[in-house]
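As structure tokens, the structure follows; a few thoughts come after it.
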2 protein chains.
Amino acid sequence: MSKLVGTGQCASCAIRHLSIFANLKPTRLDNIPFRPLVTRYKAGETIYLQGDKANTLFTVRSGIVKVTKSLADGRSHILYLETAGALLGWDSFLESCYTQSAIAVSDCELCQLPEADLERLRRNDRDVDTAILQRWVTSLRRAESRMLDLSTRKGTEKLASLLLEWYADAAPGSWVELPLTRGELGEILGLTVETISRFLADWRKRGLISEEHHKIRIDDPDTLKNIAAGNNRKSRTSSP
Amino acid sequence: MSKLVGTGQCASCAIRHLSIFANLKPTRLDNIPFRPLVTRYKAGETIYLQGDKANTLFTVRSGIVKVTKSLADGRSHILYLETAGALLGWDSFLESCYTQSAIAVSDCELCQLPEADLERLRRNDRDVDTAILQRWVTSLRRAESRMLDLSTRKGTEKLASLLLEWYADAAPGSWVELPLTRGELGEILGLTVETISRFLADWRKRGLISEEHHKIRIDDPDTLKNIAAGNNRKSRTSSP
DNA sequence: CGTACAATTGAGAATCCTCAAGGGTAGTGG
DNA sequence: CCACTACCCTTGAGGATTCTCAATTGTACG
């Protein structure tokens, strides 16, 4: 199960520059009126479940968290993959229940921010308030971009985009950890396991990517970018 | 073009109970330090465009507004349909550009809320702040539900749900205005004009709905609810 | 009454899903 | 150490769904 590591020292936190406290001056940090609990989760462990009473927000310190949403009949979807610095659990602000579940994809470490404490801090500190507001708008933008992707783009376009985005910060030609199963990739993009498997197999054969264990390498980024841009579509000539 | 009607009197506003000022006590309303401009738009007119400098939020007073997002290649999608009480233009909080466009679907009347004024009010008034925060979380939830719908549900399920939702507040068996074209319905659900047209034609033939001019009536809500729930799927028996 | 746009309908094809079978891999317990 | 299990991945065949292209009809509005 998840393990409590201790209480965080925000002033000396290694990922503070990514967090909502990034812009707080050191003197202000002393005013943070609570010490967030730091919890460690192993891959596959649940952080919170859709339907649980929502009264805590979380900041990801390390690892990858998938945020999923399920339908009554069992169909589900991965809404976001969150990494270091992300803030989870907005539903807490409504003092209701979580409308999604959060699950560790890799081993993770998270800070717990009780809603009441964070709310008090937000009201008293303009920088924290602004940081939260910005994250909020950014989350909404991201969700809206995903809606556009889901509704207008083909499977190959979406998968190619996801790989490139995942790979964005990596050195060209290097191996990158991809701790997601085919099923999870499908749940992000709205495709089935088999479809993902077929696309990746095809791209491996064509020399666009290589895979080994749970690592992936992009060998032909240009072609992949073309696919992501939809240039493999049948005919979309702009000439009359 | 859009026409300026005048400046709003929040205290006596007919839709205040739906707005972010709903919970302000009458005495507090006098403290609203600005008079929102009220503007009228005719069907089809643009309220703001993706890429415009974002410094104004809007409250819908009457009519229906579609909020759309476009890809570089021209493909686009309707993110939301907004009605009385809705707040638009969150991007203004980031002092950047609008990442969507807002267009009047029917004749509309909107209040303009300059970001700077609203921001000042939000910081000074806890109720306004809470109201905005709640709308934010609600918007995010709605976007996430739509993501789930777009990625997991079939066309018929989505269209049936949309009609039922649209019809939710109407009396059973009554005619309801549906000012959306087939193309717009498709842009909401991620389907083409032709697909929408075929679904509706089929349902008309089967006696589930009736259409006349731009009005629609649901004749067999039960069957439609079944379709929306996915009960027309091939086989999903839970027995072994 | 012409023009522009919306809706319909058909035919064929692209895309993706479902079902099914088989192979690989990692962890577990005797 | 090995069998066993569970889970993930792959691949094929067939079919459901939806798109694309094209032609036609209907409708609103100046």
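Just so it is clear, the values below take in all heavy atoms, side chains as well, and ignore hydrogens, waters and symmetry mates. A, B, ... follow the sequence lines: proteins, then strands. Residue 1 opens every chain.
- Under 4.0 Å is where a charged nitrogen must lie from a carboxylate oxygen, and between A:Arg142 and A:Glu82 at least one such pair does.
- With B:Glu144 as the fixed residue, the side-chain hydrogen bond (donor to acceptor under 3.5 Å, both in side chains) test singles out one of A:His77, A:Gln100, A:Lys69: A:Gln100.
- From one end of the helix from C:dC1-D:dG30 to C:dG30-D:dC1 to the other, with five pairs defining each end axis, the axis direction shifts by 40° (rounded to 10°).
- Rounded to an integer number of Å, the gap from B:Leu180 CG to C:dA7 C1' is 15 Å.
- Contacts of residues 212-224 of chain B with DNA chain D (heavy atom under 4.0 Å): B:His213.
- Distance CG (A:Leu159) to P (C:dT15): 15 Å, rounded to an integer number of Å.
- To the nearest angstrom, P of C:dG27 lies 12 Å from NZ of A:Lys42.
- Side-chain atoms of B:Ser19 never come within 3.5 Å of backbone atoms of B:Gly85 as a donor-acceptor pair (strictly under, hydrogens ignored).
- Rounded to whole Å, the distance from CG on B:Leu189 to P on D:dT18 is 11 Å.
- Picking from C:dC17, C:dT9, C:dA7 the nucleotide with the shortest atom distance to the side chain of A:Arg198 gives C:dC17.
- At the heavy-atom level, A:Gly186 lies nowhere under 4.0 Å from the strands shown.
- Between the CG atom of B:Leu191 and the C1' atom of D:dT20 there is a distance of 14 Å, given to the nearest Å.
- In this structure, the CZ atom of B:Arg153 is 18 Å from the C1' atom of D:dA16, given to the nearest Å.
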Identify all side-chain donor-acceptor contacts of residues 199-206 of chain B below 3.5 Å with residues at least two apart in sequence or on another chain.
unit_1: B:Asp202; atom_1: OD2; unit_2: B:Arg206; atom_2: NH1; d: 3.3
unit_1: B:Arg204; atom_1: NE; unit_2: B:Leu200; atom_2: O; d: 3.4

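- Of the candidate nucleotides C:dA7, C:dC16, C:dT18, C:dA7 has the atom nearest to the side chain of B:Thr181.
- For B:Glu194 and D:dC21, a side-chain-to-base donor-acceptor distance below 3.5 Å is present, hydrogens and geometry of angles not being considered.
- Each of D:dC19, D:dT10, C:dC16 was ranked by its minimum atom distance to the side chain of A:Ser197; first place goes to D:dT10.
- Note that CD1 of A:Ile103 is 8.5 Å distant from CD1 of A:Ile78, once rounded to the nearest 0.5 Å.
- Between B:Leu71 and A:Leu148, some side-chain heavy-atom pair lies under the 4.5 Å cut-off.
- A donor and an acceptor atom never sit less than 3.5 Å apart when one is taken from the side chain of B:Arg204 and the other from the base of C:dT9.
- In this structure, A:Lys225 does not pair ionically with A:Glu157, as no charged nitrogen and carboxylate oxygen lie closer than 4.0 Å.
- Between A:Ile227 atom CD1 and C:dT15 atom P the separation is 12 Å, expressed in whole Å.
- In this structure, CD of A:Glu184 is placed 14 Å from C1' of D:dC9, rounded to the nearest angstrom.
- Side-chain atoms of A:Thr39 and A:Glu109 include no donor-acceptor pair closer than 3.5 Å.
- Between B:Thr195 and D:dC19 there is a side-chain polar atom (N or O) within less than 4.0 angstrom of OP1 or OP2.
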